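These notes are about the structure you will find just below.
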Amino acid sequence: EPVRLARLVAYGATLLLLLGVGWVSYVISGRITRPIDQMIAQLDRNKTEGLTVPLPVPADAELSRLADEFNAYLQTIEQQQEEVIRQQNRYRNLFEASPDAIFLLRDLNIIACNRATYQLFGGDEAQIIGCSVVELSPEIQPDGQPSEDKAVAVIQNTSQTRLFTFEWQHRSLAGDTIDTEVRIQPFSEPGEVQLYLAIVRDISERKQAEAALLASEQQYRQLVESANDAIFIAQDGSIVFANSKTIEFTGTTPETIGAIPLVELIHEDDRDMVYDRHVRRLQGEKSLPPTYPFRLRDRGRGEMFVQLSTV
């Protein structure tokens, strides 16, 4: 009996010891895993909802340090995200504020653009996005090439040169012709779908001014050519421009007159006088008469009395 009793006591003590160890383990395990579970749950919420909420900081020193490191990491990520958003907003504002039309092309189709693009073509987003640049151009460009063929060639050339600048004639949705200057370059990373960024400037007013200037030049050239007086421009001792009457008076040709020193076209006895007045006029002397006579010697070695009016 005493032996049996001793065994029961020993078994009971062992059982109590095991239960005590199990309870202590349970308590310790709960203190460790519960804060970790809370931290993991917060990380899951951050990931699911796109948040950067700091993790709960447990009382345990080691876990607290771990949570602090995670929170510092989350704060760094949040700051980086805020900086990325600021950069995106800055570039978006520049994109929208540009006075030039800016649009993104996939092949020849517009997939994104700024407000200036809508103003250029006189349409809205629904009318412009997805539209081909060929549809926003006349059938034939001013150089005689079909717009579609030329647009394809531009894309091919851009892929090789990286940046390509050229003039292009567009057409608004109302059918008005728009002369533009286009700068285009590839706009995608390797391995991505090839896109192109185009910056388009309306130069219609400049082209109109150039056309008016050309018409004016042609008008004055006709006036100069039809004049009954010799009209020429001398520079550095040579004639750099001469009308047909000058060619007639000097007995030269349009091809040779520029190679003949001006002094050789003046009579030997009048050269010093003409040269002296020319130098004094270049030096700013105002007292010289604007017109004076002298003798001109043509290539046939004849002489002719002329009156020179200078400007």
Side-chain angles (χ1 to χ4, degrees), residues 81-220:
Q81 289 177 339
E82 290 175 352
E83 180 61 25
V84 169
I85 292 173
R86 281 195 294 270
Q87 292 284 356
Q88 289 176 339
N89 290 336
R90 188 177 299 119
Y91 286 118
R92 168 59 64 177
N93 292 336
L94 288 173
F95 178 74
E96 290 296 344
S98 171
D100 295 329
I102 303 176
F103 44 82
L104 200 59
L105 298 174
R106 180 186 293 123
D107 296 327
L108 296 177
N109 298 319
I110 299 175
I111 62 173
C113 63
N114 64 349
R115 288 190 296 267
T117 304
Y118 303 138
Q119 296 170 359
L120 179 68
F121 295 115
D124 55 26
E125 181 177 357
Q127 295 170 299
I128 301 300
I129 298 300
C131 197
S132 168
V133 293
V134 177
E135 299 175 60
L136 298 171
S137 307
E139 185 176 350
I140 303 296
Q141 287 296 304
D143 61 1
Q145 294 188 59
S147 291
E148 185 171 4
D149 294 346
K150 191 170 182 178
V152 171
V154 165
I155 291 297
Q156 293 174 347
N157 188 69
T158 302
S159 301
Q160 298 171 359
T161 62
R162 302 297 297 173
L163 177 64
F164 188 41
T165 302
F166 58 97
E167 290 188 1
W168 183 270
Q169 199 168 81
H170 275 294
R171 184 177 58 196
S172 71
L173 295 178
D176 299 323
T177 298
I178 310 168
D179 290 304
T180 66
E181 180 182 78
V182 182
R183 285 172 293 167
I184 187 171
Q185 65 181 29
F187 189 76
S188 55
E189 297 295 331
E192 297 181 351
V193 175
Q194 183 66 72
L195 305 177
Y196 299 91
L197 180 68
I199 302 175
V200 181
R201 174 167 297 178
D202 187 348
I203 59 170
S204 298
E205 292 185 3
R206 190 183 83 188
K207 298 292 283 187
Q208 292 169 3
E210 290 174 353
L213 179 60
L214 180 60
S216 177
E217 288 178 349
Q218 291 175 342
Q219 181 180 2
Y220 282 110

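Residue numbers count from 1 along this sequence. These numbers come from a predicted model, not from an experiment.
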Side chains of residues 126-135: which donor-acceptor pairs under 3.5 Å do they make with residues two or more places apart or in other chains?
residue, atom, partner, partner atom, Å
Gln127, OE1, Asp124, N, 3.0
Ser132, OG, Val134, N, 3.1
Glu135, OE2, Ser132, N, 3.1

So the ring-ring contact (aromatic ring centres under 6.0 Å, His included) pairs with at least one residue in residues 117-155 (sequence neighbours excluded) are Phe121-His170
Suppose we screen for side chain to side chain contact (heavy atoms under 4.5 Å, CB included). Which residues come up paired with Leu213, at least two apart in sequence or across chains?
Glu217
What is the distance from atom CZ of Phe187 to atom CD of Gln185, rounded to the nearest 0.5 Å?
8.5 Å
For Gln169 and Pro142, work out which heavy atoms get closest and say how close.
NE2-CG, 3.5 Å
For the CG atom of Leu197 and the CG atom of Leu163, what is their distance to the nearest 0.5 Å?
10.0 Å
From Ser98 OG over to Arg115 CZ, what is the distance, rounded to the nearest 0.5 angstrom?
10.5 Å
Those residues at least two apart in sequence (or on a different chain) that pass side chain to side chain donor-acceptor pair (under 3.5 Å) with Thr117 are Asn114
Nearest non-hydrogen partners of Thr158 and Pro186, listed with the distance:
CG2-CD, 3.6 Å
For Thr165, which residues count as a side chain to side chain donor-acceptor pair (under 3.5 Å) partner, sequence neighbours excluded?
none
Applied to residues 138-154, the side-chain hydrogen bond (donor to acceptor under 3.5 Å, both in side chains) test, sequence neighbours excluded, yields Gln141-Ser147, Asp143-Gln145, Asp143-Lys150
Counterpart residues, side chain to side chain donor-acceptor pair (under 3.5 Å), relative to Glu181 (two or more places apart):
none
Considering residues at least two apart in sequence or located in another chain, which fulfil the salt bridge (Lys or Arg N to Asp or Glu O under 4.0 Å) criterion with Glu167?
Arg206, Lys207
Within this structure, what is the CH2-CG distance for the pair Trp168 and Leu136, rounded to the nearest 0.5 Å?
11.0 Å
Using a 3.5 Å cut-off and no angle test, enumerate the donor-acceptor pairs between side-chain atoms of residues 100-112 and protein atoms at least two apart in sequence or in another chain.
residue, atom, partner, partner atom, Å
Asp100, OD1, Arg201, NE, 3.1
Asp100, OD2, Arg201, NE, 3.3
Asp100, OD2, Arg201, NH2, 2.9

Test: salt bridge (charged side-chain N to carboxylate O under 4.0 Å, His left out). Region: residues 169-180. Which pairs qualify, not counting sequence neighbours?
none
Say whether, by atom type as modelled, one donor and one acceptor occur between the side chain of Thr180 and the main chain of Val182 under 3.5 angstrom.
no
